[in-house]
Amino acid sequence: MSETAAKAPGAAGKVPDANRWKALVFIALAQLMVVLDATIVNIALPSAQQDLGISDGNRQWVVTAYALAFGGLLLFGGRIADLWGRKRTFVLGLGGFAAASALGGAATNEAMMFGSRALQGVFGALLAPAALSLLAVMFTDAKERAKAFGIYGAIAGGGGAVGLILGGFLTEYLDWRWTFFVNIPFAIVAAAGAYFVIREPEGGRNRNPLDIPGVLLSTLGLVALVYGFTRAESDGWSDSLTIGMFVTSAVLLIAFVLVEARVKAPLLPLRVITERNRGGVYLSLGLAIIAMFGLFLFLTYYLQIVKGYSPVKTGFAFMPMIVGMITGSTQIGTRLMTRVAPRLLMGPGFLVAALGMLLLTQMEIGSSYASLLLPGMLLLGLGMGTAFMPAMSLATQGVEPRDSGVASAMVNTSQQVGGAIGTALLNTIAASATTSYVADHIGSATSRSQQQLVQLEGQVQGYTSAIWFAVGILVVAAAIALTFINAGRPDGTTVAGSGESAEDELSVPVVAH
């Protein structure tokens, strides 16, 4: 135990913050707002496009501007949280996100809309890692940590589906602008609550000077990677700019790793990602998100275009997935996390999710919602919720407090990059399968109605082909979780980090303000 900690009147592990559960409410509310925003705008996009006169070629920038800023700046945001303090960064992120949302809701042209989305991404990149790292330093008792991360994991996994419901309601009954304005009360309540309730432990600041080369290389490398996948979705994998983006990204990210290995105060200390448990979490979680985000897209199209559901009905059709995620995260994951090793929750969780996806590969035009889609989505939600919860906890467990912001940012980065890859990769697979099916069958369709039927059958064929790939990706994620992750179950008192004793872990955050 360090001398400073020994002299401290009480270590954070022994005298936990009395307001930590109240703080969790506001942290969870902020996380819900960020996750909702990833899908809520998708439902409103057709209406916003028409009102603002955005061309078909430019409409992707409503989604892409946010994804590029958020995905590219996450590591920088995590480091800022370590430098400025998590609470300060969290409140600043919320205020900026609310202002950017107000700008988006008031947009009068496409430039104003794209700018507001990019600003939302910038402040989201400050907010998301600060939220997770606050949770990591405030909950050190193993059982309490399990409950806290169970709630957080359910929101991180299920929030996107909730966004589809809320987006449907707001677009259908109010106006698309409310998909932006709805963020403002969320942000105000979360910021006010955080300001008055959260008491961040003092011991974990990282006051080293900012690694500017690392910031530039990581930001530009991640932006190029996310844009490459986004471009591939719209312009194809053989497009020269798409290939150029991937090559540029690879060069920049390799340069980033080389720089981080040499500088005295790196943006991303390589110890954060080379520890096998955290590395296994980042990799398996990123793969699982690739599978899940692609599925959100296909099911939304299937329900609205093939089955003719309204936006609200489509949102409610996702309820079994949300219920499954909440149950898997807060009931199964939370109850078992202190009893079994994390890999024994993550591996089987991903496999159960793969089983749910396997059911969805049987989709046809006339498939029954109750007998096929409902059990498929329920299994997917249960599996993902069970796996997400220990993944979120393990990603920040045992990390040095000065690195908790950037370790949290890596979780969000793996999710964000996974989402961009999943949407582009699986959408390309689906489009190719659809084109091939229609080309093979359209010749035998003589009437207009038969041709329309072939087009719909082709779309469903495309969705199921891509879902088969998603099943395979989830099986790989399960294999990585079972082989890379070797952490034992947390003991019943305080979560000890890799290579640290429980006593050492107790001594880390010393004084609360």
Side-chain angles (χ1 to χ4, degrees), residues 34 64-84 86 89 92-93 96 118-133 136 205-231 242 244-275 278-283 285-287 289-290 395-396 399-400 402-421 424:
V34 172
T64 305
Y66 178 82
L68 290 179
F70 188 54
L73 292 169
L74 271 165
L75 282 176
F76 179 55
R79 178 66 180 86
I80 289 293
D82 288 334
L83 182 66
W84 289 354
R86 299 168 192 89
T89 307
L92 176 67
L119 271 178
Q120 279 187 312
V122 169
F123 286 106
L126 284 177
L127 173 61
L132 185 55
S133 58
R205 290 277 186 92
N206 184 345
R207 299 183 190 274
N208 287 319
L210 204 56
D211 168 23
I212 301 298
V215 169
L216 292 173
L217 288 169
S218 67
T219 301
L220 293 173
L222 288 170
V223 164
L225 182 65
V226 173
Y227 184 57
F229 277 105
T230 307
R231 175 100 187 171
T242 301
M245 283 291 118
F246 287 134
V247 172
T248 303
S249 172
V251 170
L252 289 168
L253 293 176
I254 290 168
F256 171 67
V257 172
L258 294 175
V259 167
E260 298 308 275
R262 285 169 171 75
V263 296
K264 189 179 286 186
L267 172 71
L268 175 62
L270 296 183
R271 61 180 175 267
V272 171
I273 54 173
T274 52
E275 199 275 315
R278 278 192 291 277
V281 166
Y282 299 145
L283 193 54
L285 199 59
L287 286 169
I289 293 289
I290 288 174
T396 53
V399 76
E400 295 179 31
R402 65 198 170 111
D403 296 334
S404 68
V406 81
S408 302
M410 274 302 298
V411 180
N412 287 286
T413 301
S414 67
Q415 288 180 286
Q416 187 64 26
V417 173
I421 293 171

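Along the sequence shown, residues are numbered consecutively beginning with 1.
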*Sub-4.5 Å side-chain heavy-atom contact between I273 and R278*: no
*Calculate, to the nearest 0.5 Å, the distance between atoms CD1 and CZ belonging to I290 and F229 respectively.*
7.0 Å
*Which atom of P129 lies closest to which atom of L74, heavy atoms considered*: CD-CD2, 3.8 Å
*Are T248 and Y227 close enough that some pair of their side-chain heavy atoms sits under 4.5 Å apart?*
no
*Between A128 and F70, which heavy-atom pair has the shortest distance, and what is it?*
CB-CZ, 3.9 Å
*Could you tell me the separation between the CG atom of L92 and the CG atom of L126, rounded to the nearest 0.5 Å?*
6.0 Å
*Rounded to the nearest 0.5 Å, what separation is found between the CG atom of L127 and the CD atom of Q120?*
11.5 Å
_Let me confirm one number: the CD1-CG distance from I212 to L217, rounded to the nearest 0.5 Å._
11.5 Å
*Closest contact, heavy atoms only, L73 versus T219*: CD2-CG2, 3.7 Å
*Provide the closest heavy-atom pair for F123 versus G93 in the form atom of the first, atom of the second, distance.*
CB-O, 3.6 Å
*asked:* Can you tell me which residue among I254, L225, L220 is in a side chain to side chain contact (heavy atoms under 4.5 Å, CB included) with S249?
replied: L225
*What pair of heavy atoms forms the shortest contact from L267 to S218, and how long is it?*
CD2-OG, 3.3 Å
*Dump the intermediate steps for side chain to side chain contact (heavy atoms under 4.5 Å, CB included) on D211 and E260, then the final yes or no.*
CA-CA 9 Å; D211 168 23; E260 298 308 275; 2.6 Å; yes
*Closest approach of T274 to R271 (non-hydrogen atoms, all atoms of both residues)*: OG1-CA, 3.5 Å
